[in-house]
*Asks:* 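If you scroll down you'll find the structure; I have some questions about it.
Ligands are counted one by one from 1 in listed order, and the atoms in each one are counted from 1 as well.
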Amino acid sequence: MTDAYVRTIASMGTVVTIHVVGHGANRVDETGRKRGVDAALAWFDEVERSCSRFDPRSEVSQLSTRIGARVPVSDLLFEAVRFALAVAEESGGAFDPTVGLLLETRGFNREYRSGAVVRTALEPDDDATYRDVHLDADERTIMLARPLVLDLGAVAKGLAIDMAARELRGRSFADFAIDAGGDLYLAGRNADGKPWSVGVRHPRDHQTLFETLRVSNVAVCTSGDYERRTPGDDGGAEHHIMDPRTRVSASTAASVTVLASSAMVADALGTAAFVLGPERGLELLERDGVDGVIITPALERFATRGMRAEYLVEGRSSGFDS
Ligand code: AMP
Ligand code: MG
């Protein structure tokens with residue numbers, strides 16, 4: 001016998017849903033289930049408080065008010081930035097968490113859900129890169145060596161998903177789905193006792209799915225050029241994934257979906273592969289041992305060798321099973 005419990009909140013500029021399935025012996029009692037899901041969801045607000053560039057009080061925003069100073073930060077922010085810098089290094093700077101001011105000046109200056117406008121009182125320094133972010137692992141400090149704004153939009157959601165999944169597992173939940181605006185972690189089995197079914201959206205026709213995957217105990221994160229475009233899009237407008245080398249939106253991919261055991265890894269590598277484009281993006285995913293599918297604007301499909309056949313399901317269904 002199975003039963004399910006679903007809760008949704010608004011956080012991190014999107015809608016976050018946790019769906020817990022109880023299968024026989026794995027079932028957590030009702031109070032424990034509610035507490036567990038609340039504790040898991042609380043991680044989203046917690047990560048946002050540290051990592052959101054849209055909140056002037058967040059830790060990450062505070063760093064930009066203290067350029068040149070070694071600022072002590074929380075473990076959450078430290079780990080998010082450390083990981084983002086590693087991906088920046090690995091992608092040769094295609095991924096670069098210092099794109100905050102560039103995004104702000106390009107019109108991405110509103111919190112996606114509330115619409116609150118941010119305006120950072122810094123003169124943009126076009127030469128600033130991830131190399132200007134200095135970490136001290138012993139002191140747990142971050143120092144910005146040039147005027148810049150860190151944008152952790154490509155890692156923070158994944159980090160929050162990982163923390164939420166860890167919270168649930170630590171409380172003996174085995175079967176659950178975490179959905180943060182289409183970035184997912186799927187644990188165990190769905191209500192039918194089967195692996196979870198995840199749809200990869202068609203990047204140009206949102207009524208249909210490009211393909212459907214069957215997955216278990218894995219994160220599935222997607223970056224798409226159809227998400228978060230500048231307002232007043234008339235064809236010349238931009239979307240939210242910047243190529244730091246050209247300083248305009250990356251244009252050689254339409255969407256990238258990455259599967260990895262960590263959502264933070266899937267989230268960031270998907271964004272990195274998006275900027276690198278199909279050939280070099282695929283190389284990056286292969287090198288890092290994660291699976292992924294890159295769909296180009298011309299709708300060509302590039303998949304990693306490890307994109308195993310067992311993931312793929314014939315036919316088309318919608319979303320993931322409930
Ligand atoms: P995702 O939604 O995971 O594809 O990540 C996109 C988000 O990452 C954007 O909304 C920005 O917050 C941030 N971002 C944009 N361009 C880059 C880049 N080149 N490197 C790192 N992060 C980026
Ligand atoms: Mg991403």
*Asks:* At a 4.0 Å threshold, what atoms of ligand 1 neighbour a non-hydrogen atom of S223?
*Replies:* 1 (P), 3 (O), 4 (O)
*Asks:* For atom 2 (O) of ligand 1, find the nearest protein heavy atom and state the residue, atom name and distance (0.1 Å precision).
*Replies:* H240 CE1, 3.6 Å
*Asks:* Answer side chain, backbone, both or neither: which part of D96 comes under 4.0 Å from ligand 1, heavy atoms only.
*Replies:* backbone
*Asks:* Within the 4.0 Å heavy-atom shell around M242, which atoms of ligand 1 are there?
*Replies:* 15 (C), 16 (N), 18 (C), 19 (N)
*Asks:* With the threshold set at under 4.0 angstrom, would you say G270 reaches ligand 1 through any of its heavy atoms?
*Replies:* no
*Asks:* Give me the atom names and distance for the closest heavy-atom approach of H239 to A250.
*Replies:* NE2-O, 2.8 Å
*Asks:* For R49, is there any backbone N or O sitting under 3.5 Å from a side-chain donor or acceptor partner on S52?
*Replies:* no
*Asks:* When you measure from atom 23 (C) of ligand 1 to every protein heavy atom, which one gives the shortest distance, and what is it?
*Replies:* V99 CG2, 3.8 Å
*Asks:* Please say whether more than 12 non-hydrogen atoms of neighbouring residues, nucleotides or ligands are located less than 6.0 Å from CZ in R287.
*Replies:* yes
*Asks:* Could you tell me whether the side chains of S262 and D162 share a donor-acceptor contact shorter than 3.5 Å?
*Replies:* yes
*Asks:* Who's the nearest protein heavy-atom neighbour of atom 11 (C) of ligand 1, and how far?
*Replies:* D151 OD1, 3.4 Å
*Asks:* Can you name the atoms of ligand 1, numbered from 1 with element, that are less than 4.0 Å from a heavy atom of A94?
*Replies:* 19 (N)
*Asks:* Could you tally the protein N/O/S atoms lying less than 2.8 Å away from the Mg ion (ligand 2)?
*Replies:* 3
*Asks:* Quick one: does D192's side chain have a donor or acceptor within less than 3.5 Å of a partner on K194's backbone?
*Replies:* no
*Asks:* Evaluate side-chain hydrogen bond (donor to acceptor under 3.5 Å, both in side chains) for E286 paired with T304, printing each intermediate quantity in order.
*Replies:* CA-CA 6 Å; E286 298 273 12; T304 52; 5.1 Å; no
*Asks:* What is the minimum heavy-atom distance between V200 and T257, and which atoms define it?
*Replies:* CG1-OG1, 3.7 Å
*Asks:* Is E59 reaching over with its side chain to a backbone N or O of V73, donor-acceptor style, under 3.5 angstrom?
*Replies:* no
*Asks:* State whether D29 and K34 are salt-bridged, where the test is any N-O pair (Lys NZ or Arg NE/NH1/NH2 against Asp/Glu carboxylate O) under 4.0 Å.
*Replies:* no
*Asks:* Within ligand 1, which atoms have a heavy atom of I241 less than 4.0 Å away?
*Replies:* 4 (O), 6 (C), 15 (C), 16 (N)
*Asks:* Between the main-chain N or O of D151 and the side-chain N or O of R53, is there a donor-acceptor pair closer than 3.5 Å?
*Replies:* no
*Asks:* Could you tell me the residue and atom name of the protein heavy atom closest to atom 3 (O) of ligand 1, and the distance to it rounded to 0.1 Å?
*Replies:* D267 OD1, 2.7 Å
*Asks:* Which atoms of ligand 1 have any heavy atom of P244 under 4.0 Å away?
*Replies:* 19 (N)
*Asks:* Determine whether the side chain, the backbone, both or neither of A250 has a heavy atom under 4.0 Å from any heavy atom of ligand 1.
*Replies:* neither
*Asks:* If we only consider heavy atoms of G158, is any one of them less than 4.0 Å away from an atom in ligand 1?
*Replies:* no
*Asks:* Please determine whether a side-chain nitrogen of the Lys or Arg among K157 and E48 lies less than 4.0 Å from a carboxylate oxygen of the Asp or Glu.
*Replies:* no
*Asks:* Just which atoms of ligand 1 are under 4.0 Å from any heavy atom in T271?
*Replies:* 1 (P), 3 (O), 4 (O), 5 (O)
*Asks:* Ignoring hydrogens and geometry, is there a side-chain-to-backbone donor-acceptor pair from E104 to T120 under 3.5 Å?
*Replies:* yes
*Asks:* Of all the non-hydrogen atoms in the protein, which one sits nearest to atom 22 (N) of ligand 1, and at what distance?
*Replies:* A154 CB, 3.9 Å
*Asks:* Go through the steps for D179 and T17 under the test side-chain hydrogen bond (donor to acceptor under 3.5 Å, both in side chains), then give the verdict.
*Replies:* CA-CA 5 Å; D179 178 351; T17 300; 5.6 Å; no
*Asks:* List every atom of ligand 1 that sits less than 4.0 Å from any heavy atom of L103, numbering the atoms from 1 in the order shown and giving each element.
*Replies:* 11 (C)
*Asks:* Applying salt bridge (Lys or Arg N to Asp or Glu O under 4.0 Å), run through R146 and E123 and close with a yes or a no.
*Replies:* CA-CA 10 Å; R146 284 172 186 262; E123 203 52 51; over 6 Å; no
